[in-house]
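Below is one structure, written out as structure tokens; comments come after it.
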Protein chains: 2
Amino acid sequence: MLIYSKALLAEQAKIFKALGHPTRLIMVHALQSGEKCVCELQELIGDDISTISKHLSVLKEAGIVSVEKRGTNMYYSLVLCCLETFLSCTAETVRRRLAEQMEELKK
Amino acid sequence: MLIYSKALLAEQAKIFKALGHPTRLIMVHALQSGEKCVCELQELIGDDISTISKHLSVLKEAGIVSVEKRGTNMYYSLVLCCLETFLSCTAETVRRRLAEQMEELKK
DNA sequence: TCTTTATTTGGCTTTTTGGCAAAATAACAA
DNA sequence: TTGTTATTTTGCCAAAAAGCCAAATAAAGA
């Protein structure tokens, strides 16, 4: 523990919180293959465009993505490093757990 | 993206969401040095014991910690692997960002 | 058994999210 | 300038989360 400033803790929590929504996880996964504009993400996810926009601003506020405007489009890209490993690791963990649950049900 | 089952995504989001609260982050940080009972955590954090207990159950539900009862105490310990690296990486990132913001203010 | 200690659960209030729809902005083209 | 497309912002409402208190549970000891 030692010294854990509130600010630091709050910012770190913000990162996790931002990743803690299925839609935003899809976004992050999608951005791993490169930047996307809002319309591409909304096509992928299907929610109302304003909802998509709000989710993106949460990711931006947390410093997980950055935006660049080109023409009429806003292009979002991943900026948080060290994300990939943790994403795939948690995904693998969850996959394993769900598989175990399936096994349980078979008995 | 490819096939991303809703269940998998929801579980993964649950992990992040559970980590997305300052108090729960303190808990996880504290548990990195080994199991702790509820009372130790409450002493560390200071909130009402029922609040502590509820936060712990969120972490448990997400599969981040496990519990073992010994005597009248409940001992919580970390079970989610691959957490340490991401925790220290995000902490470092945040630390760097906050430092940059300080620099900005100096100007 | 009665008491104490540790922890969880239930109830309640306040705050925060999530999501849609409508209005506002911004850039570009006609 | 006017219209069009892309995106954000605002307002509103329902649902979920957070936090506190009080009550319930469970193990251990007197």
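To find a chain, count down the sequence lines: A is the first, B the second, and so on, and within it residues start at 1. What you see is a predicted model, and the numbers here were worked out from it, not measured in a lab.
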Counterpart residues, ring-ring contact (aromatic ring centres under 6.0 Å, His included), relative to A:Phe16 (two or more places apart):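 Scan of A:Phe16 (ring-ring contact (aromatic ring centres under 6.0 Å, His included), adjacent residues dropped) gives B:Phe86.
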For [N], does OP1 or OP2 lie under 4.0 Å from any side-chain N or O of [X]?
X	N	value
A:Tyr76	D:dA6	no
B:Asn73	C:dT7	yes
A:His21	C:dG19	yes

Please write out each protein N/O paired with an N/O of nucleotides 22-24 of chain D under 3.5 Å, distance rounded to 0.1 Å.
none

Rounded to whole Å, how long is the line connecting atom [atom1] of [X] with atom [atom2] of [N]?
X	N	atom1	atom2	value
A:Ile49	D:dT5	CD1	P	14 Å
B:Gln42	C:dT8	CD	C1'	14 Å
A:Glu35	D:dA6	CD	P	16 Å
A:Leu41	C:dG19	CG	P	15 Å
A:Glu40	D:dA6	CD	P	11 Å

Any residue of residues 51-61 of chain B with a heavy atom less than 4.0 Å from an atom of DNA chain D: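 Those residues whose heavy atoms fall under 4.0 Å from DNA chain D, taken from residues 51-61 of chain B in numerical order, are B:Thr51, B:Lys54, B:His55.
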Short side-chain to backbone donor-acceptor contact, B:Gln12 and A:Leu87, under 3.5 Å: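 Looks like yes, one N/O pair under 3.5 Å.
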Sidechain-backbone polar pair: B:Lys36 side chain, B:Gly34 backbone, donor-acceptor under 3.5 Å: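 A pair under 3.5 Å: yes.
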Listed once per pair and sorted, the ring-ring contact (aromatic ring centres under 6.0 Å, His included) pairs that draw on residues 88-107 of chain A, sequence neighbours left out: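 ring-ring contact (aromatic ring centres under 6.0 Å, His included) check on residues 88-107 of chain A returns no pairs.
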Pairs involving residues 12-107 of chain A, ordered by first then second residue, that meet disulfide bond (SG atoms under 2.5 Å apart) (sequence neighbours left out):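 Every disulfide bond (SG atoms under 2.5 Å apart) pair that includes a residue of residues 12-107 of chain A, provided the two are not neighbours, is A:Cys82-B:Cys89, A:Cys89-B:Cys82.
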Spacing of A:Leu31 atom CG and A:Leu78 atom CG [to the nearest 0.5 Å]: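 Reported value, rounded in 0.5 Å steps: 5.0 Å.
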If you look only at distance, which donor and acceptor atoms sit under 3.5 Å apart when one is on a side chain in residues 43-55 of chain A and the other is two or more places apart or in another chain?
{"unit_1": "A:Asp48", "atom_1": "OD1", "unit_2": "A:Ser50", "atom_2": "N", "d": "2.8"}
{"unit_1": "A:Asp48", "atom_1": "OD1", "unit_2": "A:Ser50", "atom_2": "OG", "d": "2.8"}
{"unit_1": "A:His55", "atom_1": "ND1", "unit_2": "A:Arg24", "atom_2": "NH1", "d": "3.0"}

Electrostatic pair A:Glu100:A:Arg97 at N-O distance under 4.0 angstrom: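 A:Arg97 and A:Glu100: not salt-bridged.
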Validation row: B:Leu19, A:Ile15 side chains within 4.5 angstrom (heavy atoms):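 No; the side chains remain at least 4.5 Å from each other.
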Where protein sits on nucleotides 23-28 of chain C, one letter per nucleotide: B base, S sugar-phosphate only, - none, heavy atoms under 4.0 Å: ---SBS
Heavy-atom closest pair, residues A:Val79 and A:Ser66: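 Minimum heavy-atom separation between A:Val79 and A:Ser66: CG1-OG, 3.4 Å.
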Residues forming a salt bridge (charged side-chain N to carboxylate O under 4.0 Å, His left out) with A:Lys14, sequence neighbours excluded: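 Salt bridge (charged side-chain N to carboxylate O under 4.0 Å, His left out) list for A:Lys14, sorted by chain: A:Glu11.
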side-chain hydrogen bond (donor to acceptor under 3.5 Å, both in side chains) against A:Glu61, all qualifying residues, sequence neighbours excluded: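 Here no residue qualifies.
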By side-chain hydrogen bond (donor to acceptor under 3.5 Å, both in side chains) - contacts of B:Glu68 (at least two apart):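 Testing B:Glu68 for side-chain hydrogen bond (donor to acceptor under 3.5 Å, both in side chains), a comparison that skips the adjacent residues, returns B:Arg70.
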Sugar-phosphate only, base, or nothing, as touched by A:Tyr75 at under 4.0 Å among non-hydrogen atoms: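 Nothing, no heavy atom under 4.0 Å.
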So which protein nitrogen or oxygen atoms get under 3.5 Å of nucleotides 14-16 of chain D's nitrogens or oxygens?
none

Listed partners of A:Thr72 passing side chain to side chain contact (heavy atoms under 4.5 Å, CB included), at least two apart: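 Residues passing side chain to side chain contact (heavy atoms under 4.5 Å, CB included) with A:Thr72: none at all.
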